[in-house]
Amino acid sequence: MVAGAMLGGDRSWAASRPNIILIMVDDMGFSDIGPYGSEIPTPHLDALAAGGVRFSQFYNTGRCCPTRASLLTGLYSHQAGIGHMTADQGVPGYRGQLNDHCVTIAEVLRQAGYFTAMTGKWHVGFEHGVTPWSRGFDRSLNLPAGGLHFSDQTGSKGGTKLFKNGQQVARDDPQFDPPWYGTDLWTEQGIRFIDEARQRDQPFFWYLAHVAPHFPCMAPEETIAKYRGRYLAGWDALRRERYQRQIDSGLIDPRWQLEPRPEQIPAWDSLSQSEQRRYDDMMAIYAAMIEEIDNNIGKLVSALRNRGELEDTLILFLSDNGGNAEAGVSGRYDGQSPGDPHSNVFIGRCWAHLNNTPFRKYKHYNHEGGIATPLIAHWPAAIQPKTGKDGWIRTSTHVIDLMATCVDLAQAEYPDQIDQRMITPMQGQSLKPLLTGEGTFPNRTLFWEHEGNAAIRDGDHKLVRQGMGGTWELFDMEGDRTEQHDLAQDHPERAAELQKRWREWARSAKVLPKPGKKKSKKAKPAARD
């Protein structure tokens with residue numbers, strides 16, 4: 001292994017070992033940024049996509065904690081110990097914390113000479129003693145979980161603590177120039193960590209885990225004001241417009257039917273003017289959060305460019321799950337000034353239906369609306385993808401692939417054993433062949449499970465189930481990725497084969513045994529993440 005001290009002033013690593021920045025946002029839907037069909041202006045993400053590549057079939061796990069566990073470890077989340085959330089439910093796949101048989105990207109890359117940093121939301125077992133500084137990060141500014149957007153925030157998340165490099169720090173500490181908005185804070189502190197890496201002449205790995213646009217939805221008032229009135233067109237019309245932009249860009253196949261509005265969601269035109277204004281303001285707050293994320297992408301890119309690091313830095317941008325329908329059809333719209341640090345806003349199911357255009361379902365579920373995420377990759381020095389004429393990488397890929405990608409590009413070693421602890425082998429594959437056009441990316445089968453929801457994707461076939469007692473549905477992802485036409489009755493042998501393979505995986509990946517009913521019920525409070 002190459003130690004950081006051995007690098008000295010020799011920057012020969014830069015030509016072959018890039019800096020790596022993983023940017024993950026929280027609860028953002030598939031179609032909420034410009035390159036994926038949104039009406040929300042995201043010029044900085046647009047520029048990254050134009051100068052890099054876009055993945056059309058990248059997947060997360062459908063929920064906050066499991067996706068973070070998979071991203072950090074390259075394992076399916078149950079293998080890492082976080083099959084549900086962070087409550088310890090007493091069985092191996094559900095201990096609520098990263099276990100001793102996994103390693104993080106930071107632990108592996110630090111041994112290869114990288115300076116490692118993270119900013120933002122942790123949420124993989126902080127309350128159990130699993131912290132950024134104990135799992136490989138040289139520098140960190142983090143929340144134990146999420147939900148905090150403003151330094152002076154009150155309400156249900158108002159007691160959230162802030163930690164810098166292992167020490168609790170006051171949210172109004174002068175070093176952070178309060179009052180601050182979190183999306184700015186995570187970016188600006190991360191740039192300071194980059195400067196430390198440069199002073200040490202080390203390549204850097206930065207995990208930027210934004211809290212936005214997770215509930216309670218909040219943003220600076222001047223940004224929210226830009227969007228008030230823009231959503232009076234309603235979710236029906238806006239969803240059709242996003243769908244058409246997705247077709248025009250080549251993101252989706254026009255054969256994929258737009259998932260109809262579920263009957264529980266009212267037609268926009270059936271609402272009173274006061275109801276429409278309420279919903280408009282809710283989505284204006286959410287759109288403002290997306291703009292603030294994009295502004296900070298621009299800030300980050302400018303910082304890299306000004307330091308001469310942009311060319312040799314791989315930036316990856318994704319979301320941890322699909323749009324969030326929690327709080328139901330009505331959502332929540334509480335406070336004297338909704339969107340400010342003292343309010344409580346959830347956009348709810350109606351707008352989540354827009355967020356996930358053109359797919360079915362939402363966060364929590366293993367249908368495409370729960371697990372499909374944008375993935376933008378930008379790396380000027382090396383990206384030479386084998387894409388179609390429209391620039392999309394259409395290969396099915398998964399958050400488990402990020403560890404393998406980082407290990408590959410960093411020329412690091414993934415350990416088999418640490419001391420007497422056996423380390424679970426990586427489950428993913430390096431994305432390098434897809435990014436550079438060199439080599440091959442072998443076909444493989446992907447799996448999901450969360451809260452009894454389950455899925456398996458093998459080639460163009462996907463078998464998916466809603467809930468433990470749900471009926472398995474079979475879909476052709478090549479011709480029907482919006483999951484409108486169940487083929488299970490037409491192809492019972494294929495459905496049975498995939499169901500058997502899912503069960504075999506579930507036993508081997510610690511999905512089974514499931515926790516007992518009593519413990520499982522305790523571990524599912526509403527809006528936990």
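It should be emphasised that the depicted structure is a prediction, and the values quoted were computed from it without experimental measurement.
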Quiz item: Salt-bridged, Arg481 to Glu368, with N to O below 4.0 Å?
Solution: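 Counted as a salt bridge, because a side-chain N and a carboxylate O are separated by less than 4.0 Å.
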Using every non-hydrogen atom in the two residues, find where [X] and [Y] come nearest and quote the distance to one decimal.
{"X": "Tyr362", "Y": "Gly323", "result": "CB-O, 3.2 Å"}
{"X": "Ile297", "Y": "Ile23", "result": "CD1-CD1, 3.6 Å"}
{"X": "Thr116", "Y": "Gly136", "result": "OG1-O, 2.7 Å"}
{"X": "Ile371", "Y": "Thr61", "result": "CG2-C, 3.9 Å"}

Under 6.0 Å between ring centres: does that hold for [X] and [Y]?
{"X": "Trp133", "Y": "Phe126", "result": "yes"}
{"X": "Tyr59", "Y": "Trp448", "result": "yes"}
{"X": "Phe346", "Y": "Phe215", "result": "yes"}

Quiz item: Within a radius of less than 6.0 Å around CD of Gln167, do more than 12 heavy atoms belonging to other residues, nucleotides or ligands occur?
Solution: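 No, not enclosed.
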Quiz item: What pairs with Phe115 under ring-ring contact (aromatic ring centres under 6.0 Å, His included), at least two apart in sequence or on another chain?
Solution: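 Testing Phe115 for ring-ring contact (aromatic ring centres under 6.0 Å, His included), a comparison that skips the adjacent residues, returns none.
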Is any side-chain heavy atom of [X] closer than 4.5 Å to a side-chain heavy atom of [Y]?
{"X": "Pro144", "Y": "Glu127", "answer": "no"}
{"X": "Phe58", "Y": "Leu318", "answer": "yes"}
{"X": "Arg501", "Y": "Ile456", "answer": "yes"}
{"X": "Val511", "Y": "Tyr94", "answer": "yes"}
{"X": "Ser140", "Y": "Phe163", "answer": "no"}
{"X": "Thr187", "Y": "Leu208", "answer": "yes"}
{"X": "Leu22", "Y": "Trp206", "answer": "no"}
{"X": "His84", "Y": "Glu451", "answer": "yes"}

Self-check item: Among Phe359, Phe55, Trp392, ring pair (Phe, Tyr, Trp, His ring centres under 6.0 Å) partner for Tyr36
Solution: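 Between Tyr36 and the candidates, ring pair (Phe, Tyr, Trp, His ring centres under 6.0 Å) is satisfied uniquely by Trp392.
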Practice problem: Show your working on side-chain contact (heavy atoms from CB on, under 4.5 Å) between Leu162 and Leu143 and close with a plain yes or no. | Solution: CA-CA 5 Å; Leu162 181 66; Leu143 305 176; 3.9 Å; yes
Say you draw a straight line from [atom1] of [X] to [atom2] of [Y]; how long is it, rounded to the nearest 0.5 Å?
{"X": "Ile20", "Y": "Thr405", "atom1": "CD1", "atom2": "OG1", "value": "8.5 Å"}
{"X": "Lys363", "Y": "Ser319", "atom1": "NZ", "atom2": "OG", "value": "9.5 Å"}
{"X": "Thr67", "Y": "His123", "atom1": "OG1", "atom2": "NE2", "value": "12.0 Å"}
{"X": "Ile82", "Y": "Thr86", "atom1": "CD1", "atom2": "OG1", "value": "7.5 Å"}

Quiz prompt | Test log, rule side-chain hydrogen bond (donor to acceptor under 3.5 Å, both in side chains), inputs Ser430 and Asp408 | solution = CA-CA 7 Å; Ser430 174; Asp408 187 6; 2.7 Å; yes
Self-check item: Side-chain H-bond candidate by donor/acceptor type, His101 with Arg421, under 3.5 Å
Solution: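 His101 vs Arg421: no donor-acceptor pair found between side chains.
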Quiz item: Between Asn60 and Asp320, is any side-chain donor less than 3.5 angstrom from a side-chain acceptor?
Solution: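 Result is no, nothing qualifies.
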Quiz item: Testing Lys462, His367, Lys361 for side chain to side chain donor-acceptor pair (under 3.5 Å) with Glu483, which one passes?
Solution: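 Answer after filtering Lys462, His367, Lys361: Lys462.
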Practice problem: Can you run down the salt bridge (charged side-chain N to carboxylate O under 4.0 Å, His left out) pairs that involve residues 136-151, sequence neighbours left out, and say none if there aren't any? | Solution: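 Salt bridge (charged side-chain N to carboxylate O under 4.0 Å, His left out) check on residues 136-151 returns Arg110-Asp138, Arg139-Glu196.
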